[in-house]
Amino acid sequence: ASPSESPDKLTLTKRPTVKMAESTTRLRRSRRSTSGLGPARFGYTERADAIDGTPKGRKSLRNSLLGITKSPSPLRAHPGGNVGRASSPPKPTHSLKKRQEAEADAAVETPLPPRRSTRSSAARKQKPESELFSGDEDEDDQGDQHVEAAEGQDLGEVNATLPLEEVVDEEDHLEAWKVMSASGLLSLLAIPVLYALNATSVVQDPTMLMVVGVVVLIGYPALVYNIVFRNMPASQYDSYMLLFSLFAFTSVVDLILALTIDGRLDVFSWYLQYGERYFQSSYGYAANLWDATAHWMLYMVMIYGLASPNPAVYRYVYLYWAGSIIFSLANLLPGGTIGEYSHELELSSFLNAPYVLVPLIFLKRVFDTPRPVRTTTYRSKTLDTLFAIIFALVMAVLYVRFAACMGSEWGLAVLWREIEPTLLDPSGFFKVFGVVGLYYHLPYLLVAVTCLILGANRSQMNVLTDAAVILAGGMAEMYFCFMLSAVHHLTQVDYRVQGAQQSSFWAVNVAIVAVVHLFAYHCVYHQPFTGLLD
């Protein structure tokens, strides 16, 4: 760009293929840009009116679920973002110069907008978000951003009137605690609801039981929204807080169900008779107990995180929960389908559909969010070597366990069935447990060992880190259910771990879970995958 004869105008190069709307212009979205001073926030689609310059947040089902926005990140601070911030023009790159020369005929004269600072004095003191979150940036993307900045000069007046950056204060944290506490207390309404249903006869019909479940899934979110989220500012509210409140409610339901399976209560016995009958097993007890304790606590943390000023900080909590719930259903539903309770499946089993879809859609939003910058460059080839050796042993265990649960007559498989006789339980859950270990856990461990030995670049390291946290959550749930079922009284004596078998059983399985969690911690807080052969 070069100044023209008039000092109030500036000649800018503009791509002819880009059509600028006269009244309304969408702010561009860049998944790789992480600049901005404000905290991250689940996004809205913003539009800036070219006349008055007022940014307008617009919610939609697609944006709420998928987080596909026109903002720099699906998790962002406020409608203004960092788009259009007044700054000195970037140094032209080679690709930018070449593009400007090729499009010189499209040059237009645009009034130079008045330079107005959109940063408050308090915001200048705040730590830039670019130091908290990182993205995968390269020179080509930076060159494109420079051109887009030049194109965006038509919105000079709009960008100049963007609101001042918000300053994070303690009030936001207090509001997050209120939201979390209210959601947790309302989830306890599941107890009187179950007692009320227990006093009626409508639950004795499987079809009516399905209808009651659908009514509760619709009515409870409406109640929570009107009590907790209705008066929440639009910039703070996120639809997933409502979903996690519903899941917390069902976690309390699962607590009552677990106590009923264990014989401590009889309030929910009708559900075991007319609903999901495959829960009448030791694995069903363990799965419901995990959902009632670990998942309930994770829901509270995630609700607090989404209501807090910076939801992206809780990225690995989201990933851990997603891994836990996904692997839980990957074992529960197939096991109930192929086991001894397969002939008793009812329509109420389809109530698990939200637990399959929501984690997958939510993962899309988490993956679109810039990840926290590594605060340490700690590297240890000794640790990487130790993890590689241990993972090789774990892969061998997973393979032998798969052969054992499938009834193989291989010598090692026969020996392993003496340590873990629960694998042959007719419920079918532990057969699926062995299959999932072979086809999901083992491939990741193999890739991790390969990258520990040969090294990995930045993008590969980020993917492996996220996968390590997801795997840790999934293995925590599956091994908790497996170990508890193996010693529970509902498991038949012939398939129960007891006597001299217990020492080997507990040592192997606890060690596997501990190593996977230590490796996830190592990936998040340290810098592995530097390569043992370098």
Side-chain angles (χ1 to χ4, degrees), residues 244 247 251 254 283-284 286-299 301-302 314-337 352-367 387 390-391 394-395 397-399 401-402 405 420 422-423 428-449 462-486 508-524:
F244 292 149
F247 289 175
S251 293
D254 288 342
Y283 191 90
N288 282 279
L289 186 61
W290 178 267
D291 188 64
T293 53
H295 284 171
W296 188 89
M297 290 186 289
L298 288 173
Y299 293 138
V301 175
M302 289 190 293
Y314 299 84
R315 174 190 184 90
Y316 297 114
V317 178
Y318 309 144
L319 295 177
Y320 192 88
W321 165 79
S324 177
I325 193 71
I326 289 173
F327 278 102
S328 172
L329 294 174
N331 198 8
L332 182 65
L333 297 181
T337 304
N352 293 300
Y355 297 95
V356 178
L357 299 177
V358 172
L360 297 177
I361 300 174
F362 187 68
L363 274 180
K364 170 65 171 58
R365 298 189 68 180
V366 177
F367 291 150
F387 278 121
I390 296 177
F391 281 171
V394 173
M395 286 189 288
V397 170
L398 295 177
Y399 187 80
R401 177 181 287 154
F402 167 76
C405 71
E420 297 178 350
T422 315
L423 295 173
F429 296 112
F430 308 107
K431 181 177 292 186
V432 178
F433 172 74
V435 173
V436 170
L438 178 71
Y439 289 104
Y440 290 92
H441 301 166
L442 191 147
Y444 172 79
L445 297 179
L446 182 60
V447 173
V449 170
N462 291 335
V463 172
L464 289 170
T465 299
D466 289 348
V469 178
I470 294 174
L471 184 69
M475 294 187 73
E477 193 279 337
M478 294 187 68
Y479 277 77
F480 172 83
C481 295
F482 175 63
M483 290 186 288
L484 181 58
S485 302
V508 171
N509 291 283
V510 171
I512 291 176
V513 177
V515 167
V516 171
H517 280 73
L518 289 175
F519 182 71
Y521 179 89
H522 182 52
C523 291
V524 172

Residue pair M395, V449: steps toward the side-chain contact (heavy atoms from CB on, under 4.5 Å) verdict: CA-CA 10 Å; M395 286 189 288; V449 170; 4.1 Å; yes
Which atom of A468 lies closest to which atom of C523, heavy atoms considered: CB-SG, 4.2 Å
Side chains of residues 432-439: which donor-acceptor partners sit under 3.5 Å, not counting sequence neighbours?
none

Validation row: M475, F327 side chains within 4.5 angstrom (heavy atoms): no
Flag side-chain contact, heavy atom, 4.5 Å: L423 against F482: yes
V394 side chain near H441 side chain, heavy-atom distance below 4.5 Å: no
Between OH on residue Y318 and CG on residue L298, distance to nearest 0.5 Å: 11.5 Å
Side chain to side chain donor-acceptor pair (under 3.5 Å) involving T422 - partner list, sequence neighbours excluded: none
Identified side-chain contact (heavy atoms from CB on, under 4.5 Å) counterpart of Y320 within the set V469, I470, L471, V301: V469
N/O donor-acceptor pair under 3.5 Å between S251 side chain and D291 backbone: yes
Minimum heavy-atom distance between P359 and I326, given as atom pair plus value: CB-CG1, 3.9 Å
side-chain contact (heavy atoms from CB on, under 4.5 Å) evaluation trace for W296 with D254: CA-CA 10 Å; W296 188 89; D254 288 342; over 6 Å; no
Partner set under ring pair (Phe, Tyr, Trp, His ring centres under 6.0 Å) for H522, not counting sequence neighbours: F387, H526
Listed once per pair and sorted, the salt bridge (charged side-chain N to carboxylate O under 4.0 Å, His left out) pairs that draw on residues 315-336, sequence neighbours left out: R315-D466
With sequence neighbours excluded, residues passing side chain to side chain donor-acceptor pair (under 3.5 Å) with W321: Y299
Verdict with supporting geometry, F402 and L442, side-chain contact (heavy atoms from CB on, under 4.5 Å): CA-CA 11 Å; F402 167 76; L442 191 147; over 6 Å; no
Non-neighbouring partners of Y479 that pass side chain to side chain donor-acceptor pair (under 3.5 Å), sequence neighbours left out: R401
Closest non-hydrogen atom pair, H517 against A476: CE1-CB, 3.6 Å
By side-chain contact (heavy atoms from CB on, under 4.5 Å) - contacts of L333 (at least two apart): Y278, L329, N352, V356
Criterion side-chain contact (heavy atoms from CB on, under 4.5 Å) on L332 and Y283, from CA distance to verdict: CA-CA 8 Å; L332 182 65; Y283 191 90; 4.2 Å; yes
Counterpart residues, ring pair (Phe, Tyr, Trp, His ring centres under 6.0 Å), relative to Y355 (two or more places apart): F247
Within-4.5 Å side-chain heavy-atom neighbours: F367 and L319: yes
Separation of I512 CD1 from M483 CE (nearest 0.5 Å): 9.0 Å
Qualifying residues under side-chain contact (heavy atoms from CB on, under 4.5 Å), relative to A448, sequence neighbours excluded: F391, Y444, F519
All ring pair (Phe, Tyr, Trp, His ring centres under 6.0 Å) counterparts of F480, not counting sequence neighbours: W290
By side chain to side chain donor-acceptor pair (under 3.5 Å) - contacts of S485 (at least two apart): none
Stepwise side chain to side chain donor-acceptor pair (under 3.5 Å) test for N509 and E420: CA-CA 10 Å; N509 291 283; E420 297 178 350; 3.2 Å; yes
